[in-house]
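Below, chain A is the first sequence line, B the second, and so on; all start at residue 1. As a basis for the values below, the full set of heavy atoms in this structure was taken, side chains included, without hydrogen atoms, waters or symmetry mates.
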There are 2 protein chains.
Amino acid sequence: MCFMERGYSATSIDDVARRLGATKGRIYHHYPSKADLFADVFRTGMQFSFSSVEPLSKGPERAIERWKKMARAHATGMIRTRAFQRVVWEGVELHLKGATTPEQRDSLGRLIAHRERYARLFRTTIEEARRDGDMQFSLTGIAEELMFSALNSPVFWYSPRAGETDSDIKELVDQIVSFALRGLGGKEGSKNE
Amino acid sequence: MCFMERGYSATSIDDVARRLGATKGRIYHHYPSKADLFADVFRTGMQFSFSSVEPLSKGPERAIERWKKMARAHATGMIRTRAFQRVVWEGVELHLKGATTPEQRDSLGRLIAHRERYARLFRTTIEEARRDGDMQFSLTGIAEELMFSALNSPVFWYSPRAGETDSDIKELVDQIVSFALRGLGGKEGSKNE
DNA sequence: TGATGAACATACTACCGGGTATGTTGTCAA
DNA sequence: TTGACAACATACCCGGTAGTATGTTCATCA
């Protein structure tokens with residue numbers, strides 16, 4: 001499950017197999033094609049985010065408070081499972097560019113749809129927060145993109161330091177979420193915890 | 001000059017040639033290898049940004065005002081030359097992952113160094129703005145990453161609408177820069193134009 | 001205990017794509 | 001007019017890789 005660092009086409013099945021201490025035969029015994037293997041990693045990566053964020057989106061608090069929790073969970077997940085998230089990212093890219101085969105197309109299609117539902121969790125929340133007067137931005141679509149670009153960004157630039165503690169990561173996440181929150185015109189007021 | 005949409009390894013020289021209405025021979029007549037072709041596109045893309053932003057970084061105004069102009073120029077460039085910017089992005093990614101051949105490595109290396117100098121223009125400016133009390137953020141490195149993630153993001157999600165005017169793009173850029181500025185803890189005060 | 005099938009490994013095929021070697025055409029200078 | 005060279009096109013080579021076909025081992029169950 002680890003061809004998450006070279007990219008889809010740059011990674012051969014043999015690479016993956018070697019990494020697993022196995023051979024190609026094993027992989028093709030479990031997955032019908034390379035695309036299916038990729039889709040499985042994609043799905044797994046998304047599942048991390050979904051299962052940690054979705055419950056938070058249904059809390060009883062004010063929208064902005066829910067958003068803060070969701071954003072923290074999302075960003076933390078991006079850091080903790082960044083290898084998977086790179087695959088997810090590339091999957092989205094592949095879909096936008098137009099995946100090669102038709103089967104691959106709709107396999108990716110369903111995953112993208114799932115991702116869409118995930119994004120909607122955030123979109124409805126920030127729209128609600130805006131109605132509450134707790135955020136201000138003009139076009140929702142753009143605000144959403146900018147928000148995700150910030151929350152997702154550690155996938156690309158974060159790399160673990162030696163002897164890094166959980167509170168180090170917490171600090172990172174703080175700064176990320178704070179950036180996004182202020183970007184969305186959020187009142188940072190009250191307290192951040 | 002147009003293999004900027006499929007990605008490096010997903011694009012064959014024949015693809016590029018077909019796009020140009022030419023053949024492989026023509027391309028290999030002008031470039032010694034695929035990597036060199038890629039490097040040239042990379043360089044061209046960066047040049048757009050550099051030449052439009054670098055002069056602005058030397059203006060006489062207050063740091064935050066310089067930053068606003070730089071950020072606007074950068075974001076506008078990302079939108080206007082996004083095909084090139086995708087190549088630049090992938091070039092950086094390739095470098096981080098470890099380019100295949102050694103020659104490719106240091107070819108990319110010099111380009112990355114150039115890009116580093118470009119990023120420094122922004123870094124020094126936001127640090128100066130912070131000293132001026134016009135911005136507030138904790139870790140500069142992270143702030144820089146978050147800032148670029150927002151300013152660069154249209155490269156990935158923007159796609160031109162039919163009948164789009166310059167002022168539409170200006171509005172887009174406004175929202176992007178505003179997001180980044182607030183994210184950096186900037187006083188949006190005065191006016192934005 | 002022998003048959004069966006899952007869970008692999010090994011060997012092989014087919015194809016694609018980077019790179020090269022060799023044509024072909026036009027231009028320009030002597 | 002011809003030789004030389006730039007600017008391509010065409011034909012080919014060859015390594016790498018997705019996918020397949022065929023072993024081989026081991027557990028389970030009749």
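Side-chain contact, A:Q47 with A:S51: no donor N or O sits under 3.5 Å from an acceptor N or O. Between the side chains of B:Q175 and A:S138, at least one donor-acceptor pair of N or O atoms lies under 3.5 Å.
Rounded to a whole Å, the OH atom of A:Y31 is 15 Å from the C1' atom of C:dC8. Going from atom CD1 of A:I27 over to atom P of C:dT10 covers 14 Å, rounded to whole Å. The NZ-P distance, from A:K34 to C:dC15, rounds to 18 Å in whole Å. Look at NZ on B:K24: it is 12 Å from C1' on C:dA21, rounded to the nearest Å. Remark: P of C:dA7 and CZ of A:R26 are 11 Å apart, rounded to the nearest angstrom.
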Derivation and outcome, side-chain contact (heavy atoms from CB on, under 4.5 Å), residues A:R123 and A:E116: CA-CA 10 Å; A:R123 185 161 55 239; A:E116 253 308 305; 3.9 Å; yes

Going through the distances and angles, do A:K68 and A:E61 end up as a salt bridge (charged side-chain N to carboxylate O under 4.0 Å, His left out)? CA-CA 11 Å; A:K68 283 182 189 171; A:E61 315 99 315; over 6 Å; no

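One finds no side-chain N or O of A:H30 lying less than 4.0 angstrom from the OP1 or OP2 phosphate oxygen of C:dA6.
The aromatic rings of B:H114 and B:F50 sit parallel to each other, their planes meeting at less than 30°, with 60° as the upper class boundary.
Taking only side-chain atoms of B:I13, from C-beta outward, the nucleotide of C:dT10, C:dG18, C:dA6 with the closest atom is C:dG18.
On the nucleic acid side, DNA chain D has its first and last nucleotide under 4.0 Å of a heavy atom of chain B at D:dA7 to D:dT10, going 5' to 3'.
Relative to the six-membered ring of A:Y28, A:K34 misses at least one condition, a distance below 6.0 Å or an angle of at most 45° to the axis.
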